[in-house]
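In listed order, ligands and their atoms are each counted from 1. These figures come from a predicted structure and were not determined experimentally. If you read the sequence from its start, that first residue is 1, and numbering goes on from there. Hydrogens, waters and symmetry mates are skipped; everything else that's a heavy atom, side chains included, is used.
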Amino acid sequence: MRHQEFRPDEQFAVGLDAGDPLARFRDRFEIPPGADGRPLIYFCGHSLGLMPKSARDLVAQEIDDWARLGVAGHFGAKNPWYSYHERFRESGARLVGALPGEVVMMNALTVNLHLMLATFYRPAGGRHAILIEAGAFPSDHYAVTSHIRQRGLDPETSLILARPRQGESILMTEDLERLIEERGAEIALVLLPGVQYLTGQVLDIERLGAAARLKGCRFGLDLAHAVGNIVLRLHDWQVDFAVWCSYKYLNAGPGAVGGCFVHQRHGDDRTLPRLAGWWGNDPETRFDMRPEFVPRRGADGWQVSNPPILSMAPLLASLAIFDEAGLEALRARSERLTAYLLTLIDGQGSRGIEVITPRDPARRGCQISLRVQKNPRELASALASAGVACDVREPDVLRVSVAPLYNRFHEIWRFARILARDAG
Ligand SMILES: Cc1ncc(COP(=O)(O)O)c(C=O)c1O
């Protein structure tokens, strides 16, 4: 459906929901109530996704098995804990376009990034630098800077920052390509987001990965805002590694276990240096209690500790829903939801609010970022009082996400009406 086919009246929004086969998935989630008891207009999936109702039973299952079995639950639980992480092998791979074995759910995002940097940041001779975007999420900035220092290098000379053009918010693919082309011989690793956390921009991963490979640089991704949001083909794009969290669009709960992708060509290379721990050892010999480390093949070989079963159970609930709905179908719905949101915002005229997320559907996910010229925090709190959950990131960006699993067209219609009233 093209933009001009959207009408601005309420009846039209109701009709869109009524004819939408994916709208039924909303009932699988707990929608928090607002102060007036009505469900919140929850546009904060970019921060913390909502709870799948099925998570409760899956967590209870593990609690009950723990009570019933104690240590015997490692092998005797309904979902044996010893191999629990293997339950994500297929569904985890489907999420990011990987082969089974290229993905493991473990730790949290930044921890996984450290593990990947330990392996894939190998400064040598003139190739010493890491390229990230200047506006990277601070945790990524801290992580790469700490690795540069760990290797006895100086971030002043070994950290290269890519910036949008003067006065712009969005990174241009051709600018990034040019930077990689010009400075590629110095760059050991390019680390980029799949979706930029502030602007909602979807980066052209395939093109940028190819540019990095051409210059002999490793290419890694922070997929915090991309996983469960856009369609990814990490294996085919030959990405070296990727890391993500599961508490945003994957709806796996606060502090949920993160994820990690290691391309097959590295996963099978047992000689790669890594920060090792017993859970990365081949399970066949794990309990032989020998000092030599024999990494398991695939991404599993980067595990360090035994997995947090209670925080993995909600992810199981969530991925079952993704498998049922289908990521491609969700992505198509997400494009329609954001197109509708953009149409309604555009219909209100500017009034000091600028959409900074790219208009091209291929370059945006389900987050629309609005630069608010006057009092962004006041606007956010007026929206909160009216029952809208969204957030502001410094200094002036309002982030609004319409998650295709649980948001509705009618919520977008209501949001636009509230925005028109409060952003005057
Ligand atoms: C883009 C991005 N990277 C990294 C992180 C840090 O994640 P974690 O606390 O799971 O390490 C976040 C958290 O919101 C994020 O949005």
Side-chain angles (χ1 to χ4, degrees), residues 43-50 88 92 95-96 103-118 121 130-147 159 161-162 164 169-171 189-203 205 208 219-230 232 234 239 241-261 275 302-305 307-308 310-312 314-315 318 356-357 364-369 389-394 397-401 403:
F43 286 171
C44 231
H46 54 265
S47 182
L48 183 74
L50 291 180
F88 300 97
L95 260 188
V96 295
V103 165
V104 64
M105 303 302 186
M106 60 180 186
N107 312 311
L109 187 157
T110 311
V111 177
N112 289 338
L113 180 55
H114 278 297
L115 295 175
M116 292 296 102
L117 289 169
Y121 175 45
I130 300 181
L131 169 66
I132 63 169
E133 36 142 10
F137 193 81
S139 204
D140 293 19
H141 215 110
Y142 307 151
V144 296
T145 307
S146 65
H147 278 262
L159 185 62
L161 299 174
S169 310
I170 298 304
L171 290 158
L189 172 71
V190 176
L191 176 70
L192 290 172
V195 175
Q196 216 282 342
Y197 83 96
L198 188 64
T199 65
Q201 177 188 6
V202 174
L203 276 83
I205 299 168
L208 295 167
F219 186 70
L221 293 171
D222 175 341
L223 297 179
H225 292 259
V227 70
N229 178 5
I230 61 170
L232 297 158
L234 299 187
V239 170
F241 72 85
V243 292
W244 60 90
C245 52
S246 318
Y247 41 77
K248 300 180 188 291
Y249 301 116
L250 294 189
N251 309 308
V257 70
C260 185
F261 164 90
L275 295 180
W302 273 264
Q303 292 173 105
V304 177
S305 300
L310 298 182
S311 95
M312 286 183 127
L315 183 57
S318 160
I356 59 172
T357 309
R364 68 169 196 259
C366 63
Q367 174 185 323
I368 298 298
S369 298
C390 55
D391 64 17
V392 175
R393 281 290 170 268
E394 292 301 330
V397 176
L398 190 75
R399 300 189 301 175
V400 176
S401 298

Does Tyr197, backbone or side chain, put an N or O under 3.5 Å from an N or O of ligand 1?
no

Just by distance, no angles: are the side chains of Ser305 and Gln303 close enough, under 3.5 Å, to form a donor-acceptor pair?
no

Within the 3.5 Å criterion, strictly below it, is a donor on Thr199 or Thr357 matched to an acceptor on the partner's side chain?
no

Numbering as shown, the atoms of ligand 1 that approach Asp140 to under 4.0 Å (heavy-atom distance):
3 (N), 4 (C)

I'd like to know if His46 contacts ligand 1, where contact means a heavy-atom distance under 4.0 Å to any ligand atom.
no

Using heavy-atom distances, let me know which of Gln196, Lys248, Arg393 sits nearest atom 14 (O) of ligand 1.
Lys248

Note the single closest protein heavy atom to atom 8 (P) of ligand 1, along with its residue, its atom name and the distance in Å.
Tyr247 OH, 3.2 Å

Taking Gln196 for the side chain and Leu198 for the main chain, is one N or O donor matched with an acceptor at less than 3.5 Å?
yes

What do we get for Leu113 next to ligand 1 when only non-hydrogen atoms under 4.0 Å count, side chain, backbone, both or neither?
neither

Select one of side chain, backbone, both or neither to describe which atoms of Thr110 lie under 4.0 Å from any atom of ligand 1, heavy atoms only.
both

Starting from atom 16 (O) of ligand 1, what is the nearest protein heavy atom, named by residue and atom, and what distance separates them?
His225 NE2, 2.9 Å

In a check of side-chain contact (heavy atoms from CB on, under 4.5 Å) between Leu191 and each of Leu113, Val243, Leu221, which one passes?
Leu113

Any atoms of ligand 1 less than 4.0 Å from a non-hydrogen atom of Asp222? List them with their elements.
1 (C), 2 (C), 3 (N), 4 (C)

Could you walk me through whether Leu398 and Val400 pass the side chain to side chain contact (heavy atoms under 4.5 Å, CB included) test, one step at a time?
CA-CA 6 Å; Leu398 190 75; Val400 176; 4.2 Å; yes

Once the angle between the rings of Tyr197 and His225 is folded into 0 to 90°, is it parallel (under 30°), tilted (30 to 60°) or perpendicular (over 60°)?
tilted

min-distance protein heavy atom vs atom 4 (C) of ligand 1 -> Phe137 CD2, 3.4 Å

Listed partners of Ser146 passing side-chain contact (heavy atoms from CB on, under 4.5 Å), at least two apart:
His114

